[in-house]
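Everything below concerns the one structure shown next.
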Amino acid sequence: MNIFEIAEQGAKMLPEKYKTMPAEELEERVRAVKSRLGKKLFIPGHHYQKDEVIQFADATGDSLKLAQLSAENKDAEHIVFCGVHFMAETADILTTESQKVYLPDMRAGCSMADMADIRQTEKAWSRLSAMFGDTMLPLTYVNSTAAIKAFVGAHGGATVTSSNAEEMVEWAFTQKERLLFLPDQHLGRNTAFNLAIPLDRMAVWNPISEILEYEGNLEEVKVILWKGHCSVHENFTVANIEQVRADYPGMKIIVHPECRREVVERSDLAGSTNFIIQAIEKSAPGTHWAIGTEMNLVNRIIQSHPDKKIISLNPNMCPCLTMNRIDLPHLAWSLEMAAEGNAVNRITVSEPDASNARLALERMLARS
Ligand code: 13P
Ligand code: SF4
């Protein structure tokens with residue numbers, strides 16, 4: 001979310017006293033609210049969250065698991081989401097009206113989700129419909145705003161996550177002959193390629209120039225990829241892979257499918273955050289791994305597997321800066337405000353977007 005949208009939503013900023021509070025006191029305060037609210041409180045934490053936050057999560061997971069848990073949870077009155085804005089929106093869409101979802105810091109957006117706004121999407125759809133007629137189904141990565149999910153739901157499409165993208169793309173082709181895949185070109189390209197769709201049958205929609213980047217015959221296009229990307233995963237390069245192959249012969253390289261095609265192609269394995277965690281957990285002691293995903297998660301995996309040699313694929317990698325906005329002071333503040341009935345930074349998706357976005361999410365959850 002950009003700074004103007006934050007201001008528009010009346011986002012509250014962290015009070016000064018929490019900024020200077022010692023970590024032990026903050027932790028004590030979090031524990032106190034958790035024990036006071038019990039089952040009335042649910043704290044989901046995405047794998048990319050900092051350790052200081054994840055230690056208090058009631059459940060950790062990838063985007064799919066956190067969406068499933070939000071849909072299943074009927075007990076919690078307060079859901080304090082430790083993740084980014086689109087995840088909290090998804091939780092609000094999938095929970096009941098009486099359940100309240102909060103994001104401890106409203107600046108925890110996602111640069112990829114910001115790469116497709118609803119006006120651009122409506123414009124693109126009308127331009128592409130003029131080229132392709134009624135042959136397209138829209139699919140959106142969950143890393144998108146509620147308005148985009150609503151657009152997709154209203155047009156018969158669905159959301160996808162990095163764990164179920166292949167199943168969802170296969171399903172989409174049972175509905176229509178072409179796909180518009182928003183907003184991550186890399187996940188879209190990697191997924192379609194795994195399903196044997198040749199690269200030369202994928203076009204790219206550039207939402208800035210409003211041009212379809214494609215050199216062949218339009219009739220041949222199967223997938224239209226929105227020109228968006230993750231600014232974290234784009235930092236893994238072919239040069240990083242070559243370096244690891246040269247420095248550590250035999251080391252396995254595993255990456256997230258938000259990485260570029262050429263990186264995924266040269267890696268040994270690619271999959272969601274959950275897939276990466278499982279693959280390393282199942283591997284034999286003494287195995288060697290280079291991981292291409294966000295740094296908080298890579299560091300946590302390194303710490304939990306002292307019996308394996310694990311490094312980041314890019315030695316200069318940083319954490320996802322927006323995920324990192326959720327820290328211990330924001331968590332303590334958010335929980336205390338919720339417990340006092342004075343909640344801050346509530347995430348609400350209004351109608352008709354909520355209902356249409358729910359359609360897109362439910363089509364995915366039914367197939368996951
Ligand atoms: P997953 O948790 O679905 O692997 O997604 C990674 C991500 O970038 C979330 O923002
Ligand atoms: Fe968005 Fe990338 Fe951060 Fe995930 S890692 S929240 S896709 S910017």
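Order of listing sets the numbers, starting from 1, for every ligand and every atom in it.
The distance criterion of under 3.5 Å between nitrogen or oxygen atoms is met by T273 with respect to ligand 1. On a distance-only criterion, S63 and ligand 1 share at least one N/O pair closer than 3.5 Å. On a distance-only criterion, E258 and ligand 1 share at least one N/O pair closer than 3.5 Å.
No side-chain heavy atom of E167 sits under 4.5 Å from any side-chain heavy atom of M364.
The contact set between ligand 1 and S272, taken as ligand atoms under 4.0 Å from a residue heavy atom, comprises 4 (O). Every atom of ligand 1 with a heavy atom of M87 under 4.0 Å away is listed here by number and element: 9 (C), 10 (O).
Between T293 and H233, the side chains place a donor N or O and an acceptor N or O closer than 3.5 Å (distance only, hydrogens not considered).
Distance check for C110 against atom 1 (Fe) of ligand 2: an N/O/S atom falls below 2.8 Å. Taking backbone and side-chain atoms together, C320 has an N/O/S atom less than 2.8 Å away from atom 3 (Fe) of ligand 2.
The shortest heavy-atom distance from Y48 to ligand 1 is under 4.0 Å. Residue M112 places no heavy atom under 4.0 Å from ligand 1.
From the protein, the heavy atom lying nearest to atom 7 (S) of ligand 2 is N143 ND2, 3.2 Å. The nearest protein atom to atom 10 (O) of ligand 1, hydrogens excluded, is given as N143 ND2, 3.3 Å; this is a heavy-atom distance. The protein non-hydrogen atom at the shortest distance from atom 1 (P) of ligand 1 is S162 OG, 3.4 Å. Remark: minimum distance from atom 2 (Fe) of ligand 2 to any protein heavy atom is reached at C230 SG, 2.3 Å. Taking atom 2 (O) of ligand 1 as the reference point, the nearest protein heavy-atom neighbour is H46 NE2, 2.6 Å. Of the protein's non-hydrogen atoms, the one nearest atom 8 (S) of ligand 2 is S111 OG, 3.5 Å.
A donor-acceptor contact shorter than 3.5 Å is absent between the side chain of W289 and the backbone of S312.
With F181 as the partner, the side chain to side chain contact (heavy atoms under 4.5 Å, CB included) test is satisfied by one option alone out of T140, L137, V160: V160.
A single hydrophobic cluster is seen to contain both L297 and I254, as judged by linkage of ILVMFWY side chains at heavy-atom distances under 4.5 Å, directly or through other members. Under the 4.5 Å side-chain contact rule for hydrophobic residues, M115 and M202 do not share a cluster.
With a 4.0 Å cut-off on non-hydrogen atoms, H47 does not touch ligand 1 at all. Using a 4.0 Å cut-off between heavy atoms, E294 makes no contact with ligand 1 at all. With a 4.0 Å heavy-atom cut-off, ligand 1 is reached by no atom of V142. For Y141, every heavy-atom contact with ligand 1 shorter than 4.0 Å involves the side chain, none the backbone. Residue-level proximity to ligand 2 for E294 is absent, since no heavy atom of it falls below 4.0 angstrom.
Ranked by closest heavy atom to atom 4 (O) of ligand 1, the top entry among H256, M323, K65 is H256.
Between R31 and E28, at least one side-chain nitrogen of the basic residue sits less than 4.0 Å from a carboxylate oxygen of the acidic one, meeting the salt-bridge criterion. Looking at E234 and R260, a side-chain N of the basic residue comes within less than 4.0 Å of a carboxylate O on the acidic one, giving a salt bridge.
R36 CZ: 12 or fewer foreign heavy atoms inside a 6.0 Å radius. The number of heavy-atom neighbours closer than 6.0 Å to CG of L269, taken from other residues, nucleotides and ligands shown, is above 12. Within a 6.0 Å sphere centred on CD of E351, other residues, nucleotides and ligands contribute more than 12 heavy atoms. The environment of D134 atom CG is sparse: at most 12 non-hydrogen atoms of other residues, nucleotides or ligands sit within 6.0 angstrom.
When all heavy atoms of L218 and L212 are compared, the closest pair comes out as CD2-CD2, 3.8 Å.
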